[in-house]
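In what follows, a structure is listed as structure tokens, so that the remarks can point back to it.
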Amino acid sequence: MRKPVIAGNWKMNMSPNEAKILVTELIPLVKDAKCEVVVCPPYIDLAAVKPILEGTNIKLGAQNVHWAEKGAFTGEVSAAMLKELGVSYAIVGHSERRQYFGETDETVNKRARAALAAGIIPIVCVGESLSQRENGETDALVTAQVTLALDSIPASDVERLVIAYEPIWAIGTGKTATKEQANETIAVIRAAVRSLYGEATASAVRIQYGGSMNAANATELMSMGEIDGGLIGGASLKAADFSKVVNY
Ligand code: PEP
């Protein structure tokens with residue numbers, strides 16, 4: 001059985017002091033969660049919240065990771081640096097990175113491989129725009145994104161990683177995919193993994209839904225057989241809201 005993983009993507013929100021307050025409030029509210037719980041603060045907050053999360057069931061995630069070990073990459077952070085800070089997960093290929101920062105399927109693959117090599121679990125984001133959905137391109141697009149993101153990654157690593165299906169039209173818009181839409185597209189993604197790696201890997205890989213998931217819709221989304229958790233933006237910024245999603 002796949003253990004669901006619910007991760008909060010704080011995006012560019014929360015100073016180190018605000019981050020410390022948020023995780024301190026969150027800890028008691030999610031201590032009995034049956035899913036894995038992850039928070040992904042901005043890089044600048046990681047060192048501040050790590051000691052507070054020590055001994056709790058909340059794991060630390062980053063919002064990105066660079067593929068190089070070190071060197072002249074101003075503004076970037078390596079997987080080894082994150083690992084040393086106690087980071088367990090790293091989001092790669094979020095649609096905001098693809099849209100605003102030139103992220104491509106190739107760089108998503110490089111980031112995912114670097115994370116895995118350092119013992120960090122990548123949360124690989126894929127998803128279609130509204131026009132792509134309306135033009136019937138969703139299945140082909142997510143299949144291509146997953147195929148390219150997983151290029152040269154062995155089955156044993158694919159079984160450890162997380163894929164987040166995030167329809168771009170549902171991110172931060174208040175428009176959630178219906179539970180049927182989310183389940184169907186996640187099934188397409190799982191079928192892509194099956195055709196690349198076989199049944200064992202397809203049944204092991206965890207595939208989240210992300211896109212305006214919140215306390216009001218988490219229970220029905222999580223009731224679907226293909227949905228193995230959520231990547232939560234807006235609703236992860238308040239402890240009470242995020243804990244309701246985690247305790248769906
Ligand atoms: C996200 O940023 O990954 C996300 C799903 O955001 P929101 O929950 O705000 O739509």
Side-chain angles (χ1 to χ4, degrees), residues 4-14 18-19 22 26 30 35-43 45-46 58-65 87-101 103 105 108 111-112 115 121-130 132-133 138 141-142 145-146 149 161-179 181-183 185-186 189 206-222 224 226-248:
V5 50
I6 295 187
N9 173 17
W10 295 4
K11 311 193 186 192
M12 198 173 74
N13 294 292
M14 302 289 158
E18 291 167 337
L22 176 51
L26 189 61
V30 302
C35 61
E36 248 176 79
V37 186
V38 183
V39 291
C40 303
Y43 284 142
D45 300 341
L46 294 170
I58 305 176
K59 304 227 171 75
L60 193 55
Q63 295 177 20
N64 199 3
V65 55
V87 166
S88 309
Y89 287 84
I91 299 170
V92 298
H94 191 280
S95 61
E96 289 153 15
R97 303 269 347 148
R98 294 180 191 253
Q99 187 180 351
Y100 305 130
F101 302 102
E103 197 77 65
D105 290 321
V108 172
R111 293 182 199 278
I121 299 176
I123 299 176
V124 179
C125 301
V126 299
E128 81 287 0
S129 65
L130 187 56
Q132 287 166 327
R133 176 158 283 266
T138 300
L141 180 90
V142 296
Q145 285 180 321
V146 166
L161 58 72
V162 176
I163 298 170
Y165 167 55
E166 298 212 301
I168 298 168
W169 48 272
I171 297 180
T173 58
K175 285 186 200 145
T176 318
T178 64
K179 60 185 194 303
Q181 283 173 323
N183 202 59
T185 306
I186 290 178
I189 293 169
R206 291 178 295 175
I207 311 179
Q208 301 171 314
Y209 168 74
S212 299
M213 190 164 163
N214 57 38
N217 56 33
T219 308
E220 63 169 25
L221 285 161
M222 291 302 294
M224 303 304 280
E226 296 287 349
I227 302 180
D228 304 321
L231 186 54
I232 319 299
S236 69
L237 295 175
K238 289 200 177 124
D241 294 347
F242 188 55
S243 67
K244 285 187 196 125
V245 179
V246 163
N247 298 318
Y248 57 92

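Here the structure is a predicted model, which means the values were calculated and not measured. All ligand and atom numbering here is 1-based and tracks the order in the structure.
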### Query
Do K59 and V87 come within less than 4.5 Å of each other through their side chains, counting heavy atoms only?
no
### Message
What I'd like to find out is whether the side chain of D241 reaches to under 4.5 Å of the side chain of N214, using heavy atoms alone.
### Response
no
### Message
Between I6 and E36, does the side chain to side chain contact (heavy atoms under 4.5 Å, CB included) criterion hold? Intermediate values first, please.
### Response
CA-CA 6 Å; I6 295 187; E36 248 176 79; over 6 Å; no
### Message
Is there a side chain to side chain contact (heavy atoms under 4.5 Å, CB included) between V142 and T185? Walk through the geometry before answering.
### Response
CA-CA 8 Å; V142 296; T185 306; 4.0 Å; yes
### Full working for side chain to side chain donor-acceptor pair (under 3.5 Å) between Y165 and E128
CA-CA 9 Å; Y165 167 55; E128 81 287 0; 2.9 Å; yes
### Message
What I'd like to find out is whether the side chain of W169 reaches to under 4.5 Å of the side chain of T173, using heavy atoms alone.
### Response
no
### Task
With a 4.0 angstrom cut-off on heavy atoms, strictly below it, pick out the residues next to ligand 1 and order them by chain and number.
N9, K11, H94, E166, A170, I171, G172, G210, G211, S212, L231, I232, G233, G234
